[in-house]
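Worth knowing before you read on, the calculation uses all heavy atoms, side chains too, and leaves out hydrogens, waters and symmetry mates. For ligands, and for the atoms within them, numbers begin at 1 and follow the listed sequence.
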Amino acid sequence: MSKQLTNIFVTTPIYYPSADPHIGHVFSTLIADIINRYYKQRGYQTYFITGTDEHGNKILEAATKNNLDPQIFVDKIVNNFKQLWQKLDIQYDCFWRTTMPEHCARVQKIFNLLRDNIYLGKWVGNYCVQCEENYNESQIIQQDDKKFCKFHHPISKIEANSYFFKMSEYTDWIKNFLKNNKDIIFPSHRKNELINTFLTDKLPDLSITRENLDWGICVPNDPRHTIYVWIDALMNYITALGFPEENDELFQKFWSSKNVKVIQLMSKEIIRFHGIYWPILLYALKLPIPIQLIAHGWIVDSNNTKMSKSLGNAINPQEWTKKIPIDAIRYYLAKEISLAEDSKCSESALIETYNADLVNKLGNLVSRVNVMIHKFCHGKIPSLDDSEIFQNDEFYIKTLSTIDTFDQYFEKKEVGNAIKQVIKLVEAANQLIDKEQPWMLFKESRINKLERHLLLLTNAIRIIFCLLSPILTNGFHRVCQIMNFDNEIVKWDNIKNIKLIFNKKINENKILYKRLTI
Ligand code: MSP
């Protein structure tokens, strides 16, 4: 990340409210939380929003099925997301709902700001309510006399009056914008897919309103129409910051100032909206476009099919939170689910990863070092006068270089590989103990060597937990308690300052991670 940047704005997709959010909803939000914590730790000013996308036909249909007024329906279930985020230790700054009056008023103002690009026309479309998306003939699957989208949702034929946004006029602009902004979409192959799939011909103008659908934000001065749910939803990223109000401090700080980066998480099937329409709308509004889109793959089942509620193959994360430590869930998803490709996910793999890495390697390391410091050093972390002693120490050098390699992988969005670097350091620490056998050094009264090892091992534990603190939020606090690391000791600016732990009295050992059985 460039040094001039100081403000980072992190977003997740806003979710259609659902009575039981599934694992596919979790990944973007967890990664967003980890990214937000990572930059905050490194001294950036950050702001992290998530929320719910509550208008449109899909929600109306679900409310009707439940015999509820749509507002009452969404009010009832929106807390399920908030509760899940709380359980998973997702620390957002703002939870934005598209039914909030502030959002609705701002979207109407934005609609007016875009008027020059909008005209009234006739829309003839093939619409999928589940995807809230129009499909062209070539994308439709025909079975007998029925039509389906690629996710096998039914498609309905629509003919109605509609306001259109002149997307066609922006075809060349968006093509150039995508080509000229190398890092705008991660992984980069999704950018090429967008260009090759949707931008080979002129973009069709986009129908941005719905006639006779009450459950939405009314078009200013023409209440027979409501604003298309995707336009309403995309705007959340800026309405949540106060745009286009006069009092827009957050917007200035996290969007329009020069030193801003906006990191937007989503999964790959909604990259078309974010990678094409979203930048065009920002450009048409004459706003800066400081966005980077991370369009991760899907969480799939053992047959490589996308997990979804409608297919009944999705994992329920609520069930996980009842029986599995939160650190285990966060760690497993961050390490094993790739940001670039689709990834399989299962409870047995989670438990295996947790037992192997957090119980056997990391937890065990903390226990061993804590117990030895009590046993051989009167419970006090040793200190050494001569800083030279560290210069050529292979383990100390590896400890320090892990900080840089962790950051390099993280910046490349290879979160799993970043974590693997830290686990290599944990393994090296355990090997050091096995090889040097501090208990033998004690027996042989080679106290200098013993103290040096225990100091370097404790320092490695400090650095390991600093690096993993955006992921292991619970373990980080517990290790700070066990090892008596205060705020100064684990501050990012002090990460290379081993002296802060000299002569610190540590606390009694407690098991950090308990083994789980499958
Ligand atoms: N409301 C829209 C997004 C509007 S953003 C301005 C929406 N909502 S959703 O609830 O259907 O999906 C939210 C996110 O979850 C999307 O990024 C979607 O792709 C993601 N996932 C749903 N199932 C998934 C997997 N099995 N794997 C990974 N993510 C997937 O779309």
Can you tell me if Cys131 has a non-hydrogen atom under 4.0 Å from ligand 1? no
Within 45° cone of Phe198 ring axis and under 6.0 Å: Arg272 NZ or CZ: yes
Give me the nearest non-hydrogen protein atom to atom 21 (N) of ligand 1 as residue plus atom name, then the distance to 0.1 Å. Gly24 O, 3.4 Å
Atom 26 (N) of ligand 1 has as its nearest protein heavy atom Met307 O, 2.8 Å
Residues at least two apart in sequence or cross-chain that pass side chain to side chain donor-acceptor pair (under 3.5 Å) with Asn112, listed by chain then number, are Arg115
Would you say Tyr237 and ligand 1 have an N/O pair spaced under 3.5 Å apart? no
What atoms of ligand 1 come within less than 4.0 Å of a heavy atom belonging to Gly297? 28 (C)
Have a look at ligand 1 and work out which part of Ile299, if any, has a heavy atom under 4.0 Å from it: side chain, backbone, both or neither. both
Identity and distance of the protein heavy atom lying nearest atom 2 (C) of ligand 1: Ile14 O, 3.5 Å
Tell me if the aromatic rings of Phe164 and Trp123 count as close, with their centers under 6.0 Å from one another. no
Report the part of Trp230 (side chain from C-beta onward, or backbone N, CA, C, O) that has a heavy atom under 4.0 Å from ligand 1; answer both or neither where that applies. side chain
Examine the side chains of Asp301 and Asn313 and answer whether a donor and an acceptor come within less than 3.5 Å of each other. yes
Is it true that Asp357 and Lys335 make a salt bridge, defined as a side-chain N closer than 4.0 Å to a carboxylate O? yes
If we only count N/O pairs under 3.5 Å, is Ser267 in contact with ligand 1? yes
In a table with atom names and distances, give each donor-acceptor pair under 3.5 Å that connects a side chain of residues 139-155 to protein atoms at least two apart or in another chain.
from	atom 1	to	atom 2	distance (Å)
Gln139	OE1	Asn136	N	2.9
Gln142	NE2	Asp144	O	3.3

For Asp53, take its heavy atoms, then give the atoms of ligand 1 lying under 4.0 Å from any of them. 1 (N), 2 (C), 4 (C)
Is the shortest distance from a Lys or Arg side-chain nitrogen in Glu132 or Lys58 to a carboxylate oxygen in the other one below 4.0 Å? no
Under 4.0 Å from one or more heavy atoms of Ala233, ligand 1 contributes atoms 6 (C)
For ligand 1, note which part of His296 has a heavy atom under 4.0 Å away: side chain, backbone, both or neither. side chain
Answer yes or no for Arg106 and Phe243: cation-pi contact, defined as NZ/CZ to six-membered ring centre under 6.0 Å and angle to ring axis within 45°. no
Is the gap between the ring centers of Tyr38 and Phe410 under 6.0 Å? yes
Heavy-atom nearest neighbour in the protein, as seen from atom 14 (C) of ligand 1, with distance rounded to 0.1 Å: Tyr15 CE2, 3.7 Å
Quick one: look at Lys268 and ligand 1, take heavy-atom pairs under 4.0 Å, and tell me if it's side chain, backbone, both or neither. neither
Quick one: which of Asp232, Ile270, Thr29 has a heavy atom closest to atom 16 (C) of ligand 1? Ile270
Check Lys191 with Asp183, please: is the shortest side-chain N to carboxylate O separation under 4.0 Å? no
Provide, to 0.1 Å, the distance between atom 7 (C) of ligand 1 and the closest protein heavy atom, together with that atom's residue and name. Tyr16 CE1, 3.5 Å
